[in-house]
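Here's the structure we're looking at; comments come further down.
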Amino acid sequence: MAISIRKAKRINELPPYLFAEIDRRKRAALARGVDLIDLGVGDPDIPTPPKIVEKLMEGASKPVNHRYPNSAGLLEFRQAVADWYKRRFGVELDPVKEVLSLIGSKEGIANMSVAFVDPGDLVLVPNPCYPVYHIGASFCGGRNYFLPLTKENDFLPDLNAIPVELARQAKMLWINYPNNPTGAVAEKEFFAAVVEFAHRHNIIVCHDAAYTEMGFDGYRPMSFLEVDGAKEVGMEFHSLSKTFNMTGWRIGMAVGNHELVGALAQVKSNVDSGIFQAVQEAAIEALRLGDEIVEPSRKVFQERRDILVSGLRSAGIECEKPRATFYVWVSVPKGLTSAQFATRLLDEAGVVTTPGNGLGEAGEGYVRFTVCVDKKRFDPGVADVGAAESFVQLLDTLPVAGAERDRGEHYPLNH
Ligand SMILES: *Cc1c(COP(=O)(O)O)cnc(C)c1O
């Protein structure tokens, strides 16, 4: 007989998995033989550029790379990150003290809480958001205070709405621009206000910059570190995943304030042994080539965005046209909840999306579409392509988006 197994509280206290129902319906549809159009996952379908793959193959055959890597990353990789930041953003970084390799930025984001969040510490987290920010804090016993991202505020957190006594207690603030899931972008003025806020209340700022290279129509999103004083208060998480279609490779970086980077390095040196050096060598090549290999996929995502947005809008569905990221944040038609809309898209059209409330209560009223699928699959212009046809038909039958939907309501974000 098995022993009685009791999971740690941190696991039992995880928020309910809101995608469980969508996952169940997705499996059921697949079992029925439905040709699903998966606009749910944020994972590029475009392969990694061949030049990067070649570097990996070269590196994989070198015995020196078969041994344990250094947890902080090859100095050559950290130097390549510093060179790229200089070239791309005009930001100076010391490769030894201000750059750290990550096993994908998700790993670093989770471990950031291990480095800085003690039980009871207050962490400011946008809502909706990439869930690792608040789950990382919860795992360490931290308390999350959620900052709603609303259309009225251009999906930027309203720092002035944070009660002063909470701002004083707060230890850390997470921000993410270009933003997943809303597709919103931030400009210098916002980042400067964040730096001022952080100085005033002594708060560590963590900026997740995973999508800076996915700007469209010539728009180049900035780094948080470009703002005066940013390095005094914070750091930035970046990744090769989205930039170079390398999500499976697991390589990213943390850059910025040397004390913050140093403490994260200390945690990591105790729990991981770094990234396969051949992957780091391939990443160096990717950073060196930069735009030359990013531009082709940027064009592909931009075209898909245009097709999806115009298709949705012509069906009367309200959505933001993102200036960056491969996410389209869509208002649900009047009278439906996020879950109901996502369910109808799945059951009636075979289109998988992410209900906004699954990424935070303030995401209710929205559904997130990604464009990580070939355009033929969802282009109303080529609706004779099987699956897309029912998508267009469904859109035609839906009630028109509720432009007048009640957006001012108070979301019970902080229980
Ligand atoms: C995809 C994504 C990341 C990157 O994750 P990796 O672990 O580097 O693959 C980080 N933040 C956000 C918001 C993302 O969407």
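Order of listing sets the numbers, starting from 1, for every ligand and every atom in it. Nothing here was measured: the structure is a model prediction, and the numbers come from that model. Every heavy atom of this structure was used, including side-chain atoms; hydrogens, water molecules and symmetry mates were not.
- The atoms of ligand 1 that sit less than 4.0 Å from any heavy atom of Gly104 are 7 (O), 8 (O).
- Looking from atom 9 (O) of ligand 1 to the surrounding protein, the closest heavy atom is Ser241 OG, 2.6 Å.
- The pair Glu303-Lys299 fails the salt-bridge criterion, with no side-chain N (NZ, NE, NH1 or NH2) lying under 4.0 Å from an Asp/Glu carboxylate O.
- Ionic pairing of Arg304 and Asp379 is not present here: no N-O contact between side-chain nitrogen and carboxylate oxygen is shorter than 4.0 angstrom.
- In terms of protein heavy atoms, atom 12 (C) of ligand 1 is closest to Asp208 OD2, 3.3 Å.
- Some N or O of Tyr211 is nearer than 3.5 Å to an N or O of ligand 1, by distance alone.
- The CG atom of Leu159 sits 6.5 Å away from atom CG of Leu173, with the distance rounded to the nearest 0.5 Å.
- Below 4.0 Å from some heavy atom of Tyr327 lie the following atoms of ligand 1, by number and element: 15 (O).
- The main-chain N or O of Ser223 is never found under 3.5 Å from a side-chain atom of His207 such that the two would form a donor-acceptor pair.
- Counting only non-hydrogen atoms, the option in Lys242, Met253, His238, Met246 that gets closest to atom 1 (C) of ligand 1 is Lys242.
- With a 4.0 Å cut-off on non-hydrogen atoms, Asn176 touches ligand 1 through its side chain and not its backbone.
- Listed by atom number, the atoms of ligand 1 under 4.0 Å from Ser239 heavy atoms are 6 (P), 8 (O).
- A salt bridge does not link Arg313 to Glu318: none of the charged side-chain nitrogens sits closer than 4.0 Å to a carboxylate oxygen.
- Under 4.0 Å is where a charged nitrogen must lie from a carboxylate oxygen, and between Asp291 and Arg220 at least one such pair does.
- By the criterion of a heavy-atom distance under 4.0 Å, neither the backbone nor the side chain of Phe237 is placed next to ligand 1.
- For ligand 1 and Arg250, the ligand atoms under 4.0 Å from any heavy atom of the residue are 6 (P), 7 (O), 9 (O).
- Electrostatic pairing of Arg344 and Glu348 counts as a salt bridge here, judged by a charged N lying under 4.0 Å from a carboxylate O.
- Of the N and O atoms on the side chains of Gln302 and Asp217, at least one donor lies less than 3.5 Å from an acceptor on the other residue.
- Proximity to Lys106 (heavy-atom distance under 4.0 Å) selects the following atoms of ligand 1: 6 (P), 7 (O).
- Every atom of ligand 1 with a heavy atom of Ala210 under 4.0 Å away is listed here by number and element: 3 (C), 10 (C), 11 (N).
- Aromatic ring centres of Phe378 and Phe369: separated by at least 6.0 Å.
- Nearest-residue assignment for atom 5 (O) of ligand 1 (options Ser105, Gly42, Ala110; heavy-atom criterion): Ser105.
- At a heavy-atom distance under 4.0 Å, no atom of Glu107 approaches ligand 1.
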